[in-house]
Trainee: 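The structure follows.
Indexing begins at 1, ligand by ligand and atom by atom, following the structure's order.
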Amino acid sequence: MALAFTGAAAADYAGPIFDAHLHYNEEAFNGSEGPHPLPDVLARMQRNGVRAIVANSRPNEGTKSLAQAPQTRQAGVAVVPFVRLYRTRADYSNWFRDESIYDMVLAELARGTAAGPYRGLGEFHLYESANANGPVARKLMALAEERELAVLAHVDDAAIDLLMANTPSRGAKVRLIWAHTGIGGAPVGRVDKLLAKYPRLMGELSYRPGLTCEGGKLCPEWRQLLLKYPTRFLLGSDTWVNQRWLQYDDTMKGYRSWLGELPAEVQRRIAWENGASLFGLTRP
Ligand SMILES: [Zn+2]
């Protein structure tokens, strides 16, 4: 019966995933005794086919422990370490003007991790776009471009322009990963313009308002945008609180489900290839 096929769900994406927005904050493991010690988080990644992560944490110890543990390699997870700008929660609202954060970043970069040098800065937050012009925000954006570090920024669309303007190339060269592609829900037309304007701007899709509609399916205008820019989007878990670790399976299942609606080549790019090629990883 031909009609039976029209309603058939596309198969979920089944390949490897690059988690481009992962935190391993101290409350997850508290030294080693927290609810999500290394074996727990690695098991979550492994059973979800996550084969590479952008790791960052408050403070940076979580990232370092992921980077150095033999279990991480045994789980088949490649770590792309980023320097988190926050030592404590108080740093969230002050990092862009706090010179001691800049010094901390330089010290971390000099030290590196067991998985190799840091590859990026962030995640950082700007709750007011104008703070993109804070003295330390300016210096960090220039540093990112000079040292070819990617940036993971939780900011609004206005701040994307301001941050880009603070790089020597005025945004032409820096790899900026826009966390949530704007958690405030910048209109799709605006996201489209920013992607066109900045060739190395990438959109990470966790928490993105308007991305999925009923039944977890892609909303039509987002589906179009993903098809227009298949090389510019990334997936992320954003494990910013412990609850997100509990939801890790569901987050990844949700991604695999809507990815299945896209052509196979686009699925593979968004899930794995875009992140892997940003950081020169080989296929697992
Ligand atoms: Zn985050």
Trainee: What is the distance from atom CZ of Arg44 to atom CG of Asp19, rounded to the nearest 0.5 Å?
Mentor: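 These two atoms lie 13.0 Å from each other.
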
Trainee: Which pairs with one or both residues in residues 129-161 pass ring-ring contact (aromatic ring centres under 6.0 Å, His included), sequence neighbours excluded?
Mentor: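 Residue pairs with at least one partner in residues 129-161: His125-His154, His154-His180.
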
Trainee: May I ask you to list the protein N, O or S atoms found at less than 2.8 Å from the Zn ion (ligand 1)?
Mentor: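 Protein N/O/S atoms under 2.8 Å of the Zn ion (ligand 1): His21 NE2, His23 NE2, Glu123 OE1, Asp238 OD1.
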
Trainee: Apply side chain to side chain donor-acceptor pair (under 3.5 Å) to Arg244 and list each qualifying residue two or more places apart in sequence or on a separate chain.
Mentor: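 Only Tyr207 meet the side chain to side chain donor-acceptor pair (under 3.5 Å) criterion with Arg244.
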
Trainee: Hey, which of Leu278, Leu152, Leu149 is the one that makes side-chain contact (heavy atoms from CB on, under 4.5 Å) with Arg175?
Mentor: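 Of the listed options, the one satisfying the test is Leu278.
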
Trainee: With no hydrogens and no angle check, is any side-chain donor or acceptor of Arg200 less than 3.5 Å from a backbone partner on Lys173?
Mentor: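 Here the side-chain-to-backbone pair exists.
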
Trainee: With sequence neighbours left out, write down each residue that passes salt bridge (Lys or Arg N to Asp or Glu O under 4.0 Å) with Glu108, or none if nothing qualifies.
Mentor: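 Testing Glu108 for salt bridge (Lys or Arg N to Asp or Glu O under 4.0 Å), a comparison that skips the adjacent residues, returns Lys64, Arg111.
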
